[in-house]
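Take a look at the structure set out below.
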Number of protein chains: 2
Amino acid sequence: MRADATRNREAILRAAEDLLAAHGAEHVSLDRVAAAAGVGKGTVFRRFGSRTGLFQELLAERAEALARAVGTAGSPLGPGAPPRARLLAFLDELAGLAERNLALFAAHERACAEDKYADPTYVRWHGHVAALVGEARPGLDASFAAHALLGLFDADLVGHVIAEGGVTRLRSSVRGFAEALLG
Amino acid sequence: MRADATRNREAILRAAEDLLAAHGAEHVSLDRVAAAAGVGKGTVFRRFGSRTGLFQELLAERAEALARAVGTAGSPLGPGAPPRARLLAFLDELAGLAERNLALFAAHERACAEDKYADPTYVRWHGHVAALVGEARPGLDASFAAHALLGLFDADLVGHVIAEGGVTRLRSSVRGFAEALLG
DNA sequence: CAGACAAGCGGACCGTCGGTCCGCATATCC
DNA sequence: GGATATGCGGACCGACGGTCCGCTTGTCTG
């Protein structure tokens with residue numbers, strides 16, 4: 001990749017972030033992103049393929065730290081921890097991530113509406129959660145339960161809960177729900 | 001309302017149904033609906049206000065029988081039945097409804113993406129489920145849990161589960177999930 | 001440093017969509 | 001049968017995601 005291409009790529013990602021933060025997820029069109037990045041529209045599409053691709057990449061970037069934490073032993077998130085605690089810790093992290101990136105979650109959701117199960121980040125999360133559910137609560141349809149648990153971070157729901165009680169409420173509601181489910 | 005207006009209204013609803021059944025939820029634009037109904041586009045908007053309104057109305061129509069069943073005593077769905085059984089029965093009905101109207105659920109979801117909590121049918125379902133959860137499992141955030149349980153009928157998830165194991169799998173996964181949650 | 005070539009760029013352009021508007025038609029009522 | 005409001009249709013609009021192609025510019029070679 002040419003140096004200017006790398007620079008533009010970064011500029012586009014940062015512009016998308018800024019627009020998401022400034023206006024809602026609804027008002028971030030690719031024309032706007034391109035303009036804000038000081039770049040032609042074609043460049044956005046060449047780099048990211050589509051609106052979907054852009055937001056997938058952005059989410060992947062924001063989810064990277066979590067993915068690393070999940071992979072490294074030592075924390076309650078990492079391998080070695082008991083499945084139930086590991087799952088609860090993961091969901092708690094996800095709650096934080098969703099709160100900090102609410103607009104991005106919303107935009108990502110909209111963009112991936114067709115075939116959300118094709119999103120790499122979602123797939124990774126789902127695999128992780130399903131595996132832990134399978135260990136922590138055998139007998140359940142683990143894949144189904146994992147989709148349901150990830151559904152807790154639907155942007156509308158998160159926004160609604162946060163509007164009423166902030167992240168604290170979200171975290172405790174999620175935890176309460178998961179604990180009830182896991183028995 | 002004038003007689004022709006009533007007729008057109010019905011024609012539009014039926015045309016929307018047919019198109020949903022024939023092509024996926026994705027390919028049902030209001031132009032198409034209008035054309036299929038043998039009606040001008042303006043008429044669709046005068047009757048239903050917006051795409052959202054049309055699909056809300058269609059869903060309300062399909063959900064009417066369920067609403068009636070919930071309101072009348074005698075069945076496991078109706079008042080008087082023990083909350084836990086009542087909730088499980090309601091979710092089971094919802095699974096059937098979702099399966100029979102998958103395309104409609106998908107279209108409705110898309111159309112109500114902004115502010116899904118404003119949809120009258122969703123609000124009614126949520127109130128019902130939250131009340132039952134509150135009775136059957138005190139201590140949970142009932143409103144949150146109700147949103148989560150209704151999230152089980154996300155069109156993508158339903159479609160995914162049904163593709164693998166039909167309605168049977170959906171029903172049993174939903175039931176298993178709800179039973180685990182309620183303890 | 002020069003020249004050649006690929007890689008990248010930008011923005012005009014396209015089809016589609018949800019939604020609006022207004023001049024015309026027609027059901028309804030007296 | 002005439003008056004009136006209710007309803008109708010479809011041309012029109014702005015915004016959007018996505019494409020395309022002629023021009024530019026970074027990079028690599030000698």
Side-chain angles (χ1 to χ4, degrees), chain A residues 1-16 19-20 22-58 103-104 106-116 118-119, chain B residues 1-16 19-20 23-59 103-104 106-116 118-119:
Chain A
M1 195 153 85
R2 254 163 55 170
D4 53 347
T6 309
R7 236 177 309 135
N8 281 337
R9 188 194 139 85
E10 204 58 26
I12 291 166
L13 287 171
R14 298 293 78 85
L19 288 179
L20 281 174
H23 324 10
E26 323 296 337
H27 302 97
V28 179
S29 70
L30 295 199
D31 294 85
R32 281 188 203 287
V33 171
V39 133
K41 199 181 185 181
T43 303
V44 176
F45 281 90
R46 198 166 332 91
R47 278 306 131 224
F48 298 99
S50 68
R51 181 185 176 78
T52 301
L54 171 60
F55 288 113
Q56 285 186 350
E57 200 107 353
L58 211 42
L104 172 58
H108 176 266
E109 216 163 80
R110 273 177 62 86
C112 298
E114 331 273 290
D115 208 11
K116 78 169 129 180
D119 175 56
Chain B
M1 194 153 85
R2 255 163 54 170
D4 53 346
T6 311
R7 235 177 309 134
N8 282 335
R9 186 193 141 84
E10 205 58 27
I12 292 165
L13 286 170
R14 298 293 79 83
L19 288 179
L20 281 175
H23 324 342
E26 323 297 337
H27 303 96
V28 179
S29 71
L30 295 199
D31 294 83
R32 280 187 205 286
V33 171
V39 133
K41 197 181 183 180
T43 303
V44 176
F45 281 90
R46 197 166 331 91
R47 279 306 131 221
F48 300 99
S50 68
R51 182 185 175 79
T52 302
L54 172 59
F55 288 113
Q56 285 185 349
E57 201 108 351
L58 212 42
L59 182 63
L104 173 56
H108 176 266
E109 214 163 80
R110 274 176 63 84
C112 298
E114 331 273 289
D115 208 11
K116 77 169 131 181
D119 176 55

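Convention: sequence-line order gives letters A, B, ...; per-chain numbering from 1.
In the region residues 47-56 of chain B, proximity to DNA chain C at under 4.0 angstrom, judged on heavy atoms, holds for B:Ser50, B:Arg51. Heavy-atom distances under 4.0 Å link DNA chain C to A:Val39, A:Gly40, A:Lys41 of residues 29-41 of chain A, given in residue order.
Residue A:Glu26 is the one, among A:Gly42 and A:Glu26, whose nearest nucleotide of DNA chain D lies closer to the 5' end (criterion: closest heavy atom).
Contacts of A:Ala111 classified as side chain to side chain contact (heavy atoms under 4.5 Å, CB included), with partners at least two apart in sequence or in another chain: A:Arg51, A:Thr52, A:Phe55. In this structure, the side chain to side chain contact (heavy atoms under 4.5 Å, CB included) partners of B:Ala36, at least two apart in sequence or on a different chain, are B:Ala15, B:Leu19. Listed by chain and residue number, A:Glu114 satisfy the side chain to side chain donor-acceptor pair (under 3.5 Å) test with B:Arg110 (two or more places apart in sequence, or in another chain).
If you take CD of B:Glu114 and P of C:dG18, they are 13 Å apart, rounded to a whole angstrom. The distance from atom CZ of B:Phe45 to atom P of C:dG19 is 5 Å, rounded to the nearest whole Å.
Residue pairs meeting the salt bridge (charged side-chain N to carboxylate O under 4.0 Å, His left out) criterion with at least one member in residues 30-44 of chain A, sequence neighbours excluded, are A:Asp31-A:Lys41. Listed by first and then second residue, the salt bridge (charged side-chain N to carboxylate O under 4.0 Å, His left out) pairs involving residues 3-16 of chain B are B:Arg2-B:Asp4, B:Arg9-B:Glu57, B:Glu10-B:Arg14, B:Arg14-B:Glu17, B:Arg14-B:Glu61 (not counting sequence neighbours).
Rounded to 10°, the helix from C:dC1-D:dG30 to C:dC30-D:dG1 has 10° between the axis fitted to its first five pairs and the one fitted to its last five.
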Listing time: all N or O pairs from protein to nucleotides 26-28 of chain C that are below 3.5 Å?
unit_1	atom_1	unit_2	atom_2	d
C:dT26	O2	B:Arg2	NH1	3.3
C:dT28	OP1	B:Ala3	N	3.2

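Protein chain A contacts DNA chain D from D:dC16 to D:dT27, reading 5' to 3' and using non-hydrogen atoms of the protein with a distance under 4.0 Å.
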